[in-house]
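A short write-up of the structure that comes next.
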Amino acid sequence: MTASKRNIGFDLIRILAILMVLYNHREAYGYFVNFPYMGFKYVFEVFASALCKCGSALFFMVSGALLLGKQEPFPRIFQHRILRILIVMAAMTVLSKVQEGRPESLFTIFTGGLNW
């Protein structure tokens with residue numbers, strides 16, 4: 001059995017992407033009003049918020065780069081990757097509809113309101 005070679009660079013990019021997503025999910029826009037307009041902290045917050053918008057894209061790029069060398073048949077890809085994500089998305093759509101009492105249809109929540 002051969003051990004797979006782990007690339008630490010991809011792990012570092014993942015850590016960076018995690019930090020960017022976490023930074024992006026805080027209430028960043030509420031912080032802007034606490035700083036003088038166009039002061040250093042204000043400009044830093046605006047720049048950091050804009051830069052951190054690419055955190056999710058980094059996850060997709062790393063995933064794609066790690067999948068490049070794999071030779072998997074489509075049924076395996078569908079079952080192992082796509083179907084697993086779709087099941088979670090469908091469950092979250094139903095949960096969102098029931099818990100929040102959203103008036104939209106399940107299709108509308110699935111395709112636009114919840115996941116994208």
Any chance you could measure [X], atom [atom1], to [Y], atom [atom2], to the nearest 0.5 Å?
X	Y	atom1	atom2	answer
M89	T111	CE	OG1	9.0 Å
L86	T93	CG	OG1	10.0 Å
I8	I15	CD1	CD1	7.0 Å
Q79	E72	CD	CD	10.5 Å

message: Can you confirm whether more than 12 heavy atoms, excluding those of F44, are under 6.0 Å from its CZ atom?
response: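 No, because the 6.0 Å sphere around CZ of F44 holds 12 heavy atoms or fewer from other groups.
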Would you kindly confirm whether [X] and [Y] end up in one hydrophobic cluster when ILVMFWY residues are joined by side chain heavy atoms under 4.5 Å apart?
X	Y	answer
Y23	L16	no
I18	L58	no
L66	I13	yes
F59	L67	no

task: Report the hydrophobic cluster partners of F40, with the cluster defined as I, L, V, M, F, W, Y residues connected by side-chain heavy atoms closer than 4.5 angstrom, directly or transitively.
output: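 Joined to F40, directly or through intermediates: none.
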message: Measuring only between side-chain heavy atoms, which start at C-beta, is F110 closer than 4.5 Å to L106?
response: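 F110 does not reach L106 side chain to side chain.
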- request: Output all residues satisfying side chain to side chain donor-acceptor pair (under 3.5 Å) with S63, sequence neighbours left out; order by chain, then residue number.
  value: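 Counting only residues at least two positions away or on another chain, S63 forms no side chain to side chain donor-acceptor pair (under 3.5 Å).
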Partner set under salt bridge (charged side-chain N to carboxylate O under 4.0 Å, His left out) for R14, not counting sequence neighbours: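 Residues passing salt bridge (charged side-chain N to carboxylate O under 4.0 Å, His left out) with R14: D11.
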Within residues 85-95 or reaching into it, pairs that qualify as salt bridge (charged side-chain N to carboxylate O under 4.0 Å, His left out) - sequence neighbours excluded: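 Sorted result for residues 85-95: empty, none.
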message: Once salt bridge (charged side-chain N to carboxylate O under 4.0 Å, His left out) is applied, what residue pairs with a partner in residues 82-92 remain, sequence neighbours excluded?
response: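 As it turns out, there is no salt bridge (charged side-chain N to carboxylate O under 4.0 Å, His left out) pair with a partner in residues 82-92 once direct neighbours are skipped.
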- prompt: Who are the side-chain contact (heavy atoms from CB on, under 4.5 Å) partners of S56, not counting sequence neighbours?
  reply: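 With neighbours one apart ignored, the set is V21.
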field: Shortest non-hydrogen contact between G55 and A17, atoms and distance
entry: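 Closest heavy-atom pair between G55 and A17: O-CB, 3.6 Å.
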field: Minimum-distance pair of heavy atoms, taken over all atoms of C54 and M20
entry: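 So the minimum-distance heavy-atom pair works out to SG-CE, 3.2 Å.
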